[in-house]
Each structure stands twice: as structure tokens, then as C-alpha cells.
Amino acid sequence: MKDYSELNALQVDALKEISNIGAGNAATALSQMLNRRIDMSVPNAKIAPLPEIVEYVGGADMEVAGGYLRVDSEMPMGILFLVQSDMVFSFLDILFGRPKGSSSEWDEMLQSAFLEIINILAGSFLNALSTISKQTFTPSVPAMAVDMVGAILGEVLQQIGEVSDYALVVETVFSEKENEFKGHFFILPEPQTLEILLSSLGVL
């Protein structure tokens with residue numbers, strides 16, 4: 001079975017391209033939902049060993065807000081989106097066009113909005129992947145948590161069962177006029193997923 005550490009430049013580029021297409025789709029969906037232009041870009045997408053992904057959001061002890069969903073398919077995977085807790089309310093204020101500092105604690109509306117954003121991000125990525133790979137994906141309803149990165153990741157790995165030793169890390173930047181915000185999107189594949197994915201992309 002092929003391992004993520006064995007990917008060549010062409011294969012990594014193919015995975016990055018899916019992330020870029022997904023980001024474009026997500027920006028369109030967010031703009032339609034909010035009735036304002038929201039841009040989204042992927043400045044960096046890379047394959048990283050699982051133990052290292054906590055470092056992308058400030059380390060295992062960093063408190064974050066996270067959303068997770070599982071995807072059933074011939075290519076099963078988990079999708080995790082993390083935002084540092086001290087930034088998440090600014091992120092939501094930007095997306096909803098409110099003055100900075102308007103949001104300061106979680107309520108039902110903000111939790112619902114955060115989960116909807118994760119739904120849009122995951123759905124956009126999966127639509128891009130489905131178009132290219134011709135595979136069908138069935139995502140679960142996302143779950144949300146506010147906790148340390150290490151705790152959230154540990155809980156996710158328990159739920160997903162056996163996963164690859166590597167993850168696809170997608171750095172995402174949301175922008176609206178002069179405001180800009182960064183979050184991280186992690187694709188956690190099960191071991192058999194990579195070979196099927198690369199084969200369907202024609203780069204195995």
C-alpha cells in the first residue's frame with residue numbers, strides 16, 4: 001500500500017490543486033450565504049506527519065475552536081477545521097461584516113454559524129474531489145469543540161479509528177476588503193484512501 005511519505009511532486013501538486021479548487025468553491029458559497037464578497041485562498045497545502053499537525057495551530061496546548069466530520073466513501077476520511085480561540089470571534093465578526101469585538105462568547109447562533117462554515121468548507125472540498133475523482137462522498141453532521149489542540153485531535157483519532165500516519169494540511173486565508181484571517185483545514189485519510197485517490201486522479 002502506498003504511503004504519503006512516498007508521494008512525488010506531481011502527486012502532491014494534484015492534491016494541492018483539489019484544495020485550491022475547493023477553496024474557490026467555498027469562497028463562492030460563503031459569499032452567497034452572506035450576500036457579500038468573501039475571498040478565500042490556499043497559500044500553502046502540504047502533506048505532513050500526523051504528530052506535526054498540532055504545530056500548525058500553535059502546539060498541542062493551544063486552545064482552539066474546532067469542527068470535525070467523518071466522510072464515508074470508498075475513500076473514507078476525516079475532515080478537521082481548527083481556529084485559534086483568541087481569533088475565532090474576530091473571524092466570525094469579519095465573515096458577518098460586524099465591527100471587530102462584537103462577538104466575545106459562544107452562543108447558539110455563533111455555534112450554528114461556525115458549524116455552517118465548516119459544512120461549506122468541507123462540502124466545497126468534497127465537491128471538488130468528487131468532480132475530479134468521480135467518487136461519491138457522504139459527510140456526517142459536523143461536531144464542534146473548544147479545547148486544546150491535543151485533546152481535540154486525540155478525540156478525533158479515537159473516533160476515526162485507523163488512519164494514515166500523514167494528513168493533508170490546507171492553510172486557508174479568508175479575506176473581506178482589508179480584513180484577513182487564517183485557519184487550518186486537515187484531511188485525515190484512512191490508510192486505503194491514498195491509493196484509490198491517486199488512481200482516480202490518474203497520478204498513481
Side-chain angles (χ1 to χ4, degrees), residues 3-5 12 15-16 19 22-23 26 40-71 76-96 98 100-122 125 139-175 179-191 193-194:
D3 189 270
Y4 277 74
S5 62
V12 173
L15 296 176
K16 288 180 180 176
S19 304
M40 189 174 162
S41 61
V42 178
N44 189 23
K46 64 183 295 185
I47 305 297
L50 215 50
E52 289 184 11
I53 70 173
V54 296
E55 303 304 325
Y56 288 91
V57 280
D61 295 332
M62 175 64 70
E63 186 177 270
V64 294
Y68 168 75
L69 54 87
R70 175 176 169 74
V71 180
M77 66 187 80
I79 294 179
L80 178 66
F81 180 67
L82 296 177
V83 181
Q84 290 184 8
S85 280
D86 60 352
M87 298 180 183
V88 69
F89 292 125
S90 298
F91 166 65
L92 292 169
D93 284 340
I94 289 170
L95 286 187
F96 287 97
R98 299 185 297 201
K100 290 180 180 178
S102 298
S103 305
S104 58
E105 57 183 62
W106 291 105
D107 58 22
E108 191 172 332
M109 188 192 76
L110 283 184
Q111 291 182 38
S112 175
F114 187 67
L115 288 173
E116 184 58 26
I117 289 165
I118 291 166
N119 258 330
I120 288 172
L121 295 176
F125 174 82
S140 68
V141 175
M144 177 185 166
V146 179
D147 205 336
M148 291 186 294
V149 174
I152 289 179
L153 188 58
E155 181 69 23
V156 165
L157 294 180
Q158 270 195 338
Q159 289 184 31
I160 200 173
E162 188 181 7
V163 295
S164 166
D165 294 332
Y166 288 78
L168 173 60
V169 182
V170 183
E171 183 180 305
T172 52
V173 174
F174 303 83
S175 56
N179 297 310
E180 194 172 279
F181 184 85
K182 184 169 69 176
H184 283 90
F185 200 58
F186 301 97
I187 311 301
L188 308 168
E190 293 192 10
T193 295
L194 180 62

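Computation of the quantities below employed the complete heavy-atom set of this structure, encompassing side-chain atoms and omitting hydrogens, waters and symmetry-equivalent molecules.
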[X] to [Y] - nearest heavy-atom pair and separation:
X      : Y      : answer
Val83  : Phe114 : CG2-CE1, 4.3 Å
Ala26  : Met40  : CB-SD, 3.7 Å
Ser85  : Ala65  : OG-N, 3.8 Å
Pro76  : Arg70  : CB-NH2, 3.9 Å
Asn119 : Pro142 : OD1-CD, 3.5 Å
Ala145 : Ile152 : O-CD1, 3.9 Å

Rounded at 0.5 Å granularity, tell me how far [atom1] in [X] sits from [atom2] in [Y].
X      : Y      : atom1 : atom2 : result
Leu121 : Glu116 : CG    : CD    : 10.0 Å
Met77  : Glu190 : CE    : CD    : 9.5 Å
Gln84  : His184 : CD    : NE2   : 9.0 Å
Leu110 : Met144 : CG    : CE    : 8.5 Å
Ile53  : Leu153 : CD1   : CG    : 4.5 Å
Leu92  : Lys100 : CG    : NZ    : 13.5 Å

Checklist entry - Relative to the ring of Phe91, is the ring of Phe81 parallel (under 30°), tilted (30 to 60°) or perpendicular (over 60°)? => result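 The rings of Phe81 and Phe91 sit tilted, inter-plane angle from 30° to 60°.
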Next on the checklist: Check the orientation of Trp106 and Phe89. Use parallel for under 30°, tilted for 30 to 60°, and perpendicular for over 60°.
Outcome noted: tilted
Checklist entry - Phe186 and Leu82: side chain to side chain contact (heavy atoms under 4.5 Å, CB included), yes or no, with the steps? => result CA-CA 8 Å; Phe186 301 97; Leu82 296 177; 3.8 Å; yes
Checklist entry - Does Met62 reach the side chain of Met148, with side-chain heavy atoms less than 4.5 Å apart? => result no
Next on the checklist: Could you check whether any side-chain heavy atom of Asp61 comes within less than 4.5 Å of a side-chain heavy atom of Val149, counting everything from C-beta outward?
Outcome noted: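 Result no, sub-4.5 Å side-chain heavy-atom pair not found.
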Checklist entry - Yes or no on side chain to side chain contact (heavy atoms under 4.5 Å, CB included) for Leu50 and Leu188, after CA distance, side-chain angles and deciding distance? => result CA-CA 9 Å; Leu50 215 50; Leu188 308 168; 3.7 Å; yes
Looking at [X] and [Y], would you say the former's side chain and the latter's main chain have a donor-acceptor pair under 3.5 Å?
X      : Y     : result
Thr172 : Val42 : no
Ser140 : Leu69 : no
Asp93  : Arg98 : no

Item to check | Among Ile187, Val169, Leu168, the one residue meeting side-chain contact (heavy atoms from CB on, under 4.5 Å) with Ile47 | outcome: Leu168
